[in-house]
Amino acid sequence: MNTGTGALRAATRLIDRSGLADFFDARLARVKPNGDPDRRGRPRVLSVRTLLIGIALAAIDDRELHLVRIRRVLGGLSSGQADTLRIPRSEAARLAKLTDRQVSYLWCRMIDLIDPSPHFAHRQLASLDPDGRAAELARRETMLQEVLDRIVEASLDGDRTGSYALDWTFLPSWAKRRPRHKPSPDPDAGTVYIEGGLEPKHFLFGYQVHALVRIAAEGGRPVPNVCERILLQAAAANPAPTLARLITNMNRTEQSVRELLVDRGYSMKVADDWHNPLRRAGVELSFDLHENQRGPHGTTQGAVIADDGVFCPALPEALFGLERLDDFAEAAVRDVIFAEAARRDRFSLVQLGAEKPDGSRRCSCPAAAGKVRCPLKPDSMNLPYSRPTVYPDRTLVADPPKVCTQRTITIGNEVCDSTRQKHRWNTEDWYDAYKRRRRAVETFFSLIEDQGKQEMARGRVKIMGVARTSFMVAFWAAAVNLRVIGRFNTSTKHARVISLTRKPRRNRAVPFADIAAGKTAPSRAGP
């Protein structure tokens, strides 16, 4: 096997740090009724640790994650490579005669322990009642996610920043799409219709691959953009409840996710499934608004609800719906949109204090907060003329709403529950926090789908089922993490060495004759 020592050590470190060998060994061990281990039968030819190392080596070495390929990887190990992997010599001597059936048998026994699919685990669930079947499937789903987290976590390095970007891509199933009246060999997968993009319109039968990628904190130093969590679901499934539960569980022990950047594929979900659970978990969201979310959306206590905020009723109609900032807009166009957004932000209500447990918040009129001058708030007219002046129409003056008569109002959680975010949409702060940093997750998917490396595509995993597919994809994500961390450390070390050893360039304005004479600045005399 033509694999370097670095890859061998990386695979060993990945498996040993994950603790999956002990995890599966403890659950595969046979126990007698009295609790003693049952040692009947022939000893296992292939150990769990060696099989996991073979999967890790295939992923790190940019190979297909086929069981046949993994058997060839293990069978081609030399005695020196087996010693580097810390495989016992008695087992290493048997790897050359390893059969596909032995690899497949152990692999299937491991997956059967954590498979949450009722289609592939129907034999183990046949003797259970409906309640017991549901409890067993929920337990297996938790175990599967724990295994995926162990694989990905073992490849990480460095401190967490608390800032993440979330996105998904599609992975076609090895099984092909069948007509509705014919059962599919992969019932865990789903069908989705792909429109637009670089590919022609077509149906895709497979899975969604969601990745939670670490990014630099706002204004913080650069960090390697590694994947910390991965989740697979059917292509047509709603990922919001499962992902919200996953992120909430991450924040139960420690506040590891404080800021989350998502695209409109997530932000358009129902607020009770996505926005509200994450806010209760202490996560600040940043996202782009869909065209259906932009513009005015009614009023509350006289205040205008527009875009992602609540504004003064005297807000000019020209600022009701701003133009969406294009990803490839020039600097001059961005400056114009930023100026309009800053002008609109002066009319927004000011939140006082943190949100209440029920999601409601106390807000103040912009004139009462000192942002604008308004005749309906006489005290605000004493502000300097540098503040903009609001000119309410006759209707507001004759019958001012509650937001104009009271100093503060209480706004319920249902107002802007699916649009409010950390920074006001389309502002310069929002652009720097969202547009510039969310590209890291796109980079991760470009690496894991790279045809010269891992190439996560149809046929690279010739197995079916969400448990089997996600198990292999997690090893690909771990291999990409190792590659990203290695390149980041190399580039950081190279930049540090250059900054310490490189001599400063000479001043091009100083002629060589003046440098020889000891002058270090250009002559001030004219020609």
Side-chain angles (χ1 to χ4, degrees), residues 11 15 18 20 23-24 27-28 46 48 50-75 98-124 137 140-141 143-148 150-152 169-178 183-191 204-211 230-235 237 448-449 451 453-480:
I15 300 304
S18 66
L20 286 180
F23 177 87
F24 284 110
R27 288 160 176 79
L28 290 174
L46 180 65
V48 173
T50 304
L51 176 58
L52 293 174
I53 286 178
I55 301 175
L57 283 175
I60 294 173
D61 205 31
D62 309 329
R63 301 171 184 252
E64 307 93 340
L65 295 187
H66 303 162
L67 296 181
V68 177
R69 173 69 69 182
I70 294 167
R71 193 264 303 167
R72 292 176 182 175
V73 168
L74 294 176
L98 198 63
T99 64
D100 294 337
R101 183 184 181 280
Q102 291 170 336
V103 174
S104 178
Y105 176 77
L106 180 58
W107 157 258
C108 291
R109 286 200 62 192
M110 292 166 52
I111 294 299
D112 287 343
L113 297 173
I114 59 175
D115 194 350
S117 171
H119 310 286
F120 291 94
H122 62 278
R123 294 182 179 179
Q124 296 86 348
L137 292 178
R140 292 188 177 196
E141 184 178 0
M143 290 177 60
L144 174 61
Q145 191 59 48
E146 179 185 355
V147 169
L148 301 182
R150 281 172 176 258
I151 297 172
V152 177
T169 188
F170 291 107
L171 173 62
S173 172
W174 175 238
K176 290 188 176 181
R177 179 171 169 261
R178 301 286 183 89
S184 173
D186 190 0
D188 290 347
T191 304
L204 184 141
F205 180 72
Y207 298 93
Q208 303 171 359
V209 181
H210 303 265
I230 197 164
L231 175 69
L232 260 74
Q233 282 191 321
I448 200 172
E449 294 177 344
Q451 295 182 359
K453 295 296 182 179
Q454 277 67 41
E455 192 184 359
M456 185 182 68
R458 184 179 184 273
R460 298 281 289 179
V461 176
K462 293 184 178 181
I463 49 181
M464 292 171 287
V466 65
R468 292 165 172 79
T469 306
S470 59
F471 193 90
M472 294 301 193
V473 172
F475 275 96
W476 270 333
V480 172

Exercise for the section: Taking all non-hydrogen atoms of both residues into account, name the closest pair between A56 and A11 and its distance. Expected result: CB-CB, 4.0 Å

Problem - Geometric cation-pi criterion R109 and F24, 6.0 Å radius, 45° cone - result: no

Fill in the blank from the handout: Shortest non-hydrogen pair, I230 vs V152, comes out as CG2-CG2, 4.1 Å

Practice task
Answer yes or no: is there a side-chain heavy-atom contact under 4.5 Å between F205 and R178?
Solution key: no

Exercise for the section: Would you check if L137 and E141 make a side-chain contact, meaning some heavy-atom pair closer than 4.5 Å? Expected result: no

Exercise for the section: For residues I463 and M472, determine if any side-chain heavy atom of one lies less than 4.5 Å from a side-chain heavy atom of the other. Expected result: yes

Handout entry: Student check: side-chain heavy atoms of L65 and V473 closer than 4.5 Å
Key = no

Handout entry: side chain to side chain contact (heavy atoms under 4.5 Å, CB included) assessment of L67 paired with D100
Key = CA-CA 7 Å; L67 296 181; D100 294 337; over 6 Å; no

Problem - Spatial distance of atom OG (S173) from atom NZ (K462) [nearest 0.5 Å] - result: 13.0 Å

Exercise for the section: Heavy atoms only: give me the nearest L98-R71 pair and the separation to one decimal. Expected result: O-CD, 3.3 Å

Exercise for the section: Applying salt bridge (Lys or Arg N to Asp or Glu O under 4.0 Å), run through D186 and K176 and close with a yes or a no. Expected result: CA-CA 8 Å; D186 190 0; K176 290 188 176 181; over 6 Å; no

Problem - Test log, rule side chain to side chain contact (heavy atoms under 4.5 Å, CB included), inputs I55 and W107 - result: CA-CA 11 Å; I55 301 175; W107 157 258; 4.1 Å; yes

Handout entry: Nearest non-hydrogen partners of A59 and W476, listed with the distance
Key = CB-CD1, 4.1 Å

Practice task
Please report the closest heavy-atom contact between P172 and L204, naming both atoms and the distance.
Solution key: CG-CD1, 4.2 Å

Fill in the blank from the handout: In this structure, CE of M464 is separated from OG of S117 (nearest 0.5 Å) by 11.5 Å

Completion exercise
So CD of Q233 and CD of Q208: to nearest 0.5 Å the spacing works out to 6.0 Å

Practice task
Without swapping roles, check the side chain of H66 against the backbone of G459 for a donor-acceptor pair under 3.5 Å.
Solution key: yes

Handout entry: Rounded distance (nearest 0.5 Å) linking atom CD of E146 with atom CD1 of I114
Key = 9.5 Å

Practice task
Test side chain to side chain contact (heavy atoms under 4.5 Å, CB included) on R460 and Q454 and set out the steps.
Solution key: CA-CA 9 Å; R460 298 281 289 179; Q454 277 67 41; 5.5 Å; no

Practice task
State the CD-CZ distance between E455 and R63, to the nearest 0.5 angstrom.
Solution key: 14.5 Å

Handout entry: Close side-chain approach of M110 to L20, heavy-atom, < 4.5 Å
Key = no

Practice task
Taking the side chain as every heavy atom from C-beta outward, state whether L144 and F471 have any pair of such atoms under 4.5 Å apart.
Solution key: no

Exercise for the section: Answer yes or no: is there a donor N or O on one side and an acceptor on the other, between the side chain of D188 and the main chain of V466, under 3.5 Å? Expected result: yes

Handout entry: Min side-chain heavy-atom separation V461-W174 under 4.5 Å
Key = no

Problem - Minimum side-chain heavy-atom gap L28-L106 below 4.5 Å - result: yes

Practice task
Please report the closest heavy-atom contact between G465 and F120, naming both atoms and the distance.
Solution key: CA-CE1, 3.7 Å

Practice task
Look up atom OG in S18 and atom CZ in F475, then write down how far apart they are to the nearest 0.5 Å.
Solution key: 6.5 Å

